[in-house]
Amino acid sequence: QLQKDLEEVKELLTKTTRKRLRDVLMTEKHKLEIELKNQPPPKLKADAGEEEKSSLGGYTVKINNYGWDQSDKFIKIYISLSGVQKLPAENVQVNFTERSFDLLVKNLNGKNYTMTFNNLLKPISVEGSSRKIKTDTVLVMCRKKREEKWDCLTQVEKESKEKEKAAYDTSDPSEGLMNLLKKMYAEGDDEMKRTINKAWVESREKQSKGDIPMDI
């Protein structure tokens, strides 16, 4: 998220010509670069996910990596698991509801693997959904109740995209700048708030004198 904020600040720096606002943005850019530099390294975890002790015996691995695709009738989720085709069919279980599914793969190379999808974007047919076991891959087939395109897999993803779009996706650079300044003001320390307030007052004074046409 810090990296996204930094990229947004850099983009807005190329658009604004007001010195005071450029100073504010440069301060924020420097602050973000320091935060990124001081971030702790990411916690190492297994390729397929985090391992934890399981009541099933051995380790249970939460699967985080997957690919997905869709046709008119199905949402297809591809999960890579080396050697899964060698397991008995009953060791690969998927439970479907109208808006979710759970995958459990038992005793694959001494480990159990799980994946859960909640709040699917649209309803699926429990009876029409299934799973297929291919070489090193489990394919989960979610049958759509309505033959329509899905923009993403879950409701959470949709809401996240809408929030980002509302905050940043604007054809007017001044709107993007205002949104960012509001965010910086809300999250900034006292010094940042004083700097933004000063820039705001100066810009309003210049506007009242007819120096700038844009209400920032």
Side-chain angles (χ1 to χ4, degrees), residues 1-8 36 39-169:
Q1 190 62 43
L2 284 173
Q3 186 63 42
K4 285 185 178 180
D5 289 346
L6 180 58
E7 290 170 3
E8 187 72 19
L36 278 169
Q39 269 193 325
K43 184 180 177 182
L44 295 176
K45 55 186 180 181
D47 288 343
E50 297 176 351
E51 295 187 1
E52 58 183 29
K53 285 288 185 180
S54 168
S55 59
L56 296 169
Y59 283 97
T60 288
V61 180
K62 292 182 179 179
I63 303 169
N64 295 322
N65 298 327
Y66 62 91
W68 74 286
D69 193 6
Q70 63 181 309
S71 63
D72 290 340
K73 296 181 179 180
F74 287 94
I75 292 291
K76 307 170 187 178
I77 295 95
Y78 300 85
I79 300 106
S80 296
L81 290 171
S82 180
V84 69
Q85 72 277 8
K86 299 174 184 177
L87 290 176
E90 60 267 21
N91 281 31
V92 181
Q93 303 171 1
V94 183
N95 294 316
F96 296 96
T97 74
E98 190 175 71
R99 294 294 289 271
S100 71
F101 72 83
D102 295 289
L103 167 68
L104 172 62
V105 179
K106 295 181 181 178
N107 196 24
L108 177 58
N109 300 321
K111 297 177 183 178
N112 306 302
Y113 293 82
T114 65
M115 170 180 268
T116 300
F117 268 90
N118 292 316
N119 298 315
L120 290 171
L121 184 64
K122 299 177 186 293
I124 61 173
S125 165
V126 175
E127 298 78 12
S129 300
S130 62
R131 61 100 176 102
K132 294 182 180 179
I133 302 171
K134 300 177 177 288
T135 304
D136 298 331
T137 302
V138 176
L139 171 58
V140 179
M141 305 278 290
C142 299
R143 177 66 184 257
K144 298 176 180 178
K145 276 205 167 181
R146 295 179 60 184
E147 296 183 10
E148 57 186 332
K149 183 181 178 182
W150 290 23
D151 295 325
C152 47
L153 280 179
T154 65
Q155 188 66 31
V156 173
E157 285 180 57
K158 180 184 178 184
E159 291 171 0
S160 176
K161 286 181 179 180
E162 286 176 348
K163 284 180 181 178
E164 285 190 15
K165 185 175 181 181
Y168 297 115
D169 185 14

One should read off an interatomic distance between S71 OG and K144 NZ, to the nearest 0.5 angstrom, of 6.0 Å

Taking the side chain as everything from C-beta on, heavy atoms only, tell me whether K122 gets closer than 4.5 Å to R146.
no

Y66 vs F117 side-chain heavy atoms within contact, under 4.5 Å:
yes

Work out which heavy atom in V84 is nearest to a heavy atom in K134; give both atom names and the distance.
CG1-O, 3.7 Å

Salt bridge (charged side-chain N to carboxylate O under 4.0 Å, His left out) filter on E157, not counting sequence neighbours, yields none

Side chain S129, main chain S125, donor-acceptor under 3.5 Å
yes

Atom OG of S100 and atom CG of N119: how far apart are they, to the nearest 0.5 Å?
8.0 Å

Does the side chain of S80 reach to within under 4.5 Å of the side chain of N65, using non-hydrogen atoms?
no

Can you confirm whether L108 sits close enough to L87 that some side-chain heavy atom of one is under 4.5 Å from a side-chain heavy atom of the other?
yes

Would you check, one step at a time, whether the test side chain to side chain contact (heavy atoms under 4.5 Å, CB included) holds for L103 with R131?
CA-CA 9 Å; L103 167 68; R131 61 100 176 102; 5.9 Å; no

Gap between atom CE of M141 and atom CD1 of I75 - 0.5 Å precision
10.5 Å

Backbone N/O of E147 and side chain of D72: donor-acceptor pair under 3.5 Å:
no

Does some side-chain heavy atom of M115 sit less than 4.5 Å from a side-chain heavy atom of I79?
yes

Angle between ring planes, F101 versus F96, binned at 30° and 60°: parallel, tilted or perpendicular?
tilted

At their closest point, which heavy atom of T97 faces which heavy atom of V126, and how far apart are they?
C-CG2, 3.6 Å

Any side-chain heavy-atom pair from K149 and Q70 closer than 4.5 angstrom?
yes

Calculate, to the nearest 0.5 Å, the distance between atoms CG and CD belonging to L104 and Q93 respectively.
5.5 Å

Between K62 and T116, is there a donor-acceptor pair closer than 3.5 Å when you use the side chain of the first and the backbone of the second?
no

Give a yes or no on whether the backbone of L121 and the side-chain of R99 come within a donor-acceptor separation of less than 3.5 Å.
yes

If you look at every heavy atom in N112 and N107, which pair is closest and at what distance?
OD1-N, 2.9 Å

Scan I133, N109, V105 and name whichever one has a side-chain contact (heavy atoms from CB on, under 4.5 Å) with L81.
V105

Provide the closest heavy-atom pair for G83 versus D136 in the form atom of the first, atom of the second, distance.
N-OD1, 2.7 Å

Distance, nearest 0.5 Å, that separates CG of L120 from CG of L153:
7.0 Å

